[in-house]
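These notes are about the structure you will find just below.
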Amino acid sequence: MMKLFDLHADTGYAVMKKRRAGEVDIITRDQLPKRCAGGFQWVCMASYFEGQESWEDMQEMILALHEENDRCPQVHAVKTKEDLQQEDGLYAIYTVEGMCGIREDVQSKIDWLFAHDIKIASLAWNDENALATGVRGNPERGLSDLGRQVISRMGKHHMIVDVSHANEQTFWDIMDCASGPVMATHSNARALCDHPRNLYDEQLKELAKRGGIIGVVACGAFVNQDPQKRDVAHLVEHMIYLRDLIGIEHVALGLDFMDDYDDSENFMLNDLRTPAHAQRIIEGMKHHFTAEEIKAIAYDNAYRLIKQSCL
């Protein structure tokens with residue numbers, strides 16, 4: 001079984017939803033079995049915020065995710081290079097999707113995120129907030145002055161900036177001011193699927209020029225506009241396109257499985273419903289990629305960038 005590195009999973013959301021219903025041991029019971037069945041060794045576990053949440057809401061979810069992982073001996077939080085290099089269990093890299101709760105006190109709040117092992121963060125989800133503008137916001141608005149302060153502070157901690165939900169103006173503003181690493185944790189090629197969450201060729205080329213990577217995402221609407229073509233074969237087409245456009249070293253997995261959402265059947269690929277099915281991606285790649293290329297996309301590119309950039 002090929003080991004896998006997933007750059008994006010809404011694990012914090014799943015944990016928070018079930019803890020509020022009185023459940024515990026959520027990682028052990030719900031997350032670990034399907035991740036292990038799919039061959040995952042590293043997962044970027046996101047605390048996800050839509051846009052209305054406060055700073056206290058952000059802290060609550062991040063702390064809850066830490067606590068649930070601490071309850072599961074097989075899950076290891078990645079804090080240093082040594083943590084990333086182990087060979088047993090599931091390795092959790094903490095991330096944030098949307099920082100709408102940061103409206104002031106940028107330095108102390110980014111420092112708090114860093115102290116709680118956040119390695120990757122996006123400034124906005126699809127919303128328009130005090131820092132930046134997501135894909136549903138004003139297309140003429142990008143980063144705010146406060147957002148630029150966030151980028152600067154993240155750079156001091158070697159935190160990776162995620163551009164997956166940024167609108168075009170925010171994307172280019174980030175590229176303009178970020179001194180550190182940048183990645184798109186879960187997006188596809190807009191040339192193959194014209195969805196606002198996917199990236200144009202010029203954006204992809206800039207990402208590669210900066211040494212970044214893009215994690216291909218398995219949400220059906222981001223893979224193909226035809227519901228009948230929302231499958232692994234068409235996800236692999238995005239990988240082929242990206243390899244040919246920007247190079248194999250810039251392509252990874254950011255699958256964004258939504259099996260913890262009530263309406264998940266409407267989101268995922270027809271033949272890729274849960275993390276337990278993830279080896280189907282490897283099978284689909286075998287006719288189009290060499291063994292070394294498969295390894296690069298499956299885990300090596302993400303492993304290398306995170307190890308070099310923020311640990």
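Side chains are part of it too, since the values below use all heavy atoms of this structure and drop only hydrogens, waters and symmetry mates. Since this is a predicted model, take the numbers as computed values, not measurements.
- Residues meeting the side-chain contact (heavy atoms from CB on, under 4.5 Å) test with Asp117, sequence neighbours left out: His66, Lys79, Tyr94.
- A donor-acceptor pair is defined here as one N or O able to donate and one able to accept, closer than 3.5 Å; such a pair exists between the side chain of Ser144 and the backbone of Leu131.
- Residues Leu255 and Leu235 share a closest heavy-atom pair of CD2-CD2, 4.5 Å.
- No side-chain heavy atom of Gln31 sits less than 4.5 Å from a side-chain heavy atom of Met45.
- To the nearest 0.5 Å, atoms NE2 (His238) and CZ (Arg190) are separated by 12.5 Å.
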- Message: For Asp226 and Asn224: C-alpha separation, side-chain torsions, deciding distance, then whether side chain to side chain donor-acceptor pair (under 3.5 Å) applies.
- Response: CA-CA 5 Å; Asp226 182 351; Asn224 202 286; over 6 Å; no
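- Salt bridge annotation for Glu68-Lys18: absent, with no cationic side-chain nitrogen under 4.0 angstrom from a carboxylate oxygen.
- Residue pairs meeting the salt bridge (Lys or Arg N to Asp or Glu O under 4.0 Å) criterion with at least one member in residues 149-166, sequence neighbours excluded: Asp111-Arg153.
- The salt bridge (Lys or Arg N to Asp or Glu O under 4.0 Å) analysis of residues 42-58, with sequence neighbours excluded, yields no pairs.
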- Begin with the C-alpha distance, continue with both residues' side-chain angles, and end with the deciding distance and a verdict on side-chain contact (heavy atoms from CB on, under 4.5 Å) for Ile246 and Ile214. CA-CA 10 Å; Ile246 59 175; Ile214 177 171; 4.2 Å; yes
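- Within 6.0 Å of NZ in Lys3 there are more than 12 heavy atoms belonging to other residues, nucleotides or ligands.
- Between the side chain of Thr28 and the backbone N or O of Asp25, no donor-acceptor pair lies under 3.5 Å.
- Closest non-hydrogen pair, Gly220 versus Leu269, comes out as CA-CD2, 3.8 Å.
- Comment: Asp271 does not engage Arg280 in a salt bridge, judged by the lack of any side-chain N to carboxylate O separation of less than 4.0 angstrom.
- Nearest heavy atoms, Ala302 versus Ile213: CA-CD1, 3.7 Å.
- The two atoms that bring Ile160 and Met154 nearest to each other are O-CE, 3.5 Å, heavy atoms only.
- His195 meets the ring pair (Phe, Tyr, Trp, His ring centres under 6.0 Å) test with Phe222; sequence neighbours excluded.
- A donor-acceptor contact closer than 3.5 angstrom is absent between the side chains of Thr290 and Glu292.
- For Glu60, the salt bridge (charged side-chain N to carboxylate O under 4.0 Å, His left out) criterion is met by Arg20, not counting sequence neighbours.
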- When you look at Asp256 and Asp10, which way does the side-chain contact (heavy atoms from CB on, under 4.5 Å) test go after all the steps? CA-CA 7 Å; Asp256 198 12; Asp10 287 328; 3.5 Å; yes
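- Phe5 is listed as a side-chain neighbour of Ile93, based on a closest heavy-atom distance under 4.5 Å.
- Under the rule for a ring pair (Phe, Tyr, Trp, His ring centres under 6.0 Å), the partners of His8 that lie at least two apart in sequence or sit in another chain are His186.
- In this structure, Val217 is not a member of the same hydrophobic cluster as Val163, with clusters built from ILVMFWY side-chain heavy atoms closer than 4.5 Å.
- Contact of the Tyr241 side chain with the Asn188 side chain is not registered, since no non-hydrogen atoms from C-beta on lie closer than 4.5 Å.
- The two atoms that bring Glu128 and Asn138 nearest to each other are OE1-N, 2.8 Å, heavy atoms only.
- Just one of Gln203, His165, Arg197 meets the side-chain hydrogen bond (donor to acceptor under 3.5 Å, both in side chains) condition when paired with Ser187; it is Arg197.
- Residue pairs that meet the salt bridge (Lys or Arg N to Asp or Glu O under 4.0 Å) test with at least one member in residues 166-178, sequence neighbours left out, are Arg148-Asp173.
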- Task: Decide yes or no on side-chain contact (heavy atoms from CB on, under 4.5 Å) for Ser47 and Met16, but give the supporting numbers first.
- Result: CA-CA 9 Å; Ser47 292; Met16 201 71 255; over 6 Å; no
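- Annotation for Asp194: atom CG counts as buried by contact number, over 12 foreign heavy atoms lying within 6.0 Å.
- Residues meeting the side-chain contact (heavy atoms from CB on, under 4.5 Å) test with Val251, sequence neighbours left out: Val216, Leu242, Ile297.
- With a 4.5 Å cut-off on side-chain heavy atoms, Ile102 and Ile110 count as touching.
- Residues Leu63 and His116 have side chains in contact (heavy-atom distance under 4.5 Å, counting atoms from C-beta outward).
- Contact of the Gln228 side chain with the Asn270 side chain is not registered, since no non-hydrogen atoms from C-beta on lie closer than 4.5 Å.
- The distance from the CD1 atom of Ile118 to the SG atom of Cys44 is 10.5 Å, given to the nearest 0.5 Å.
- In this structure, Lys205 NZ and Leu207 CG are separated by 13.5 Å, a value rounded to the nearest 0.5 Å.
- By the ring pair (Phe, Tyr, Trp, His ring centres under 6.0 Å) test, His158 pairs with no residue at all, sequence neighbours left out.
- To the nearest 0.5 Å, atoms CD1 (Ile62) and OG1 (Thr95) are separated by 9.0 Å.
- If you take CE on Met285 and CD1 on Ile240, they are separated by 9.0 Å, rounding to the nearest 0.5 Å.
- For Lys109 and Glu104, the salt-bridge test passes: some basic side-chain N is under 4.0 Å from an acidic carboxylate O.
- Applying the salt bridge (Lys or Arg N to Asp or Glu O under 4.0 Å) test to every pair with at least one member in residues 236-253, sequence neighbours left out, gives these pairs: Arg243-Glu293.
- In this structure, Thr170 and Arg141 approach most closely via the heavy-atom pair OG1-O, 3.9 Å.
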- For side-chain contact (heavy atoms from CB on, under 4.5 Å), just list the numbers for Asn69 and Val15, CA-CA rounded to whole Å, side-chain angles, deciding distance to a tenth of an Å, and then say yes or no. CA-CA 10 Å; Asn69 278 332; Val15 162; over 6 Å; no
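- Here the OH atom belonging to Tyr13 is positioned 12.0 Å from the CD atom belonging to Glu97, to the nearest 0.5 angstrom.
- By the rule that hydrophobic residues join a cluster once side-chain heavy atoms approach within less than 4.5 Å of another member, Val232 and Phe289 end up as members of one cluster.
- No single ILVMFWY cluster, assembled from side-chain heavy atoms under 4.5 Å apart, contains both Val96 and Val135.
- When the ring pair (Phe, Tyr, Trp, His ring centres under 6.0 Å) test is applied to Tyr299, the partners found at least two apart in sequence or on another chain are Trp42.
- Phe40 places a side-chain heavy atom less than 4.5 Å from the side chain of Leu90.
- In this structure, Thr133 and Glu140 have side chains that are not in contact, with every pair of non-hydrogen atoms separated by 4.5 Å or more.
- With sequence neighbours excluded, no residue satisfies salt bridge (charged side-chain N to carboxylate O under 4.0 Å, His left out) with Arg210.
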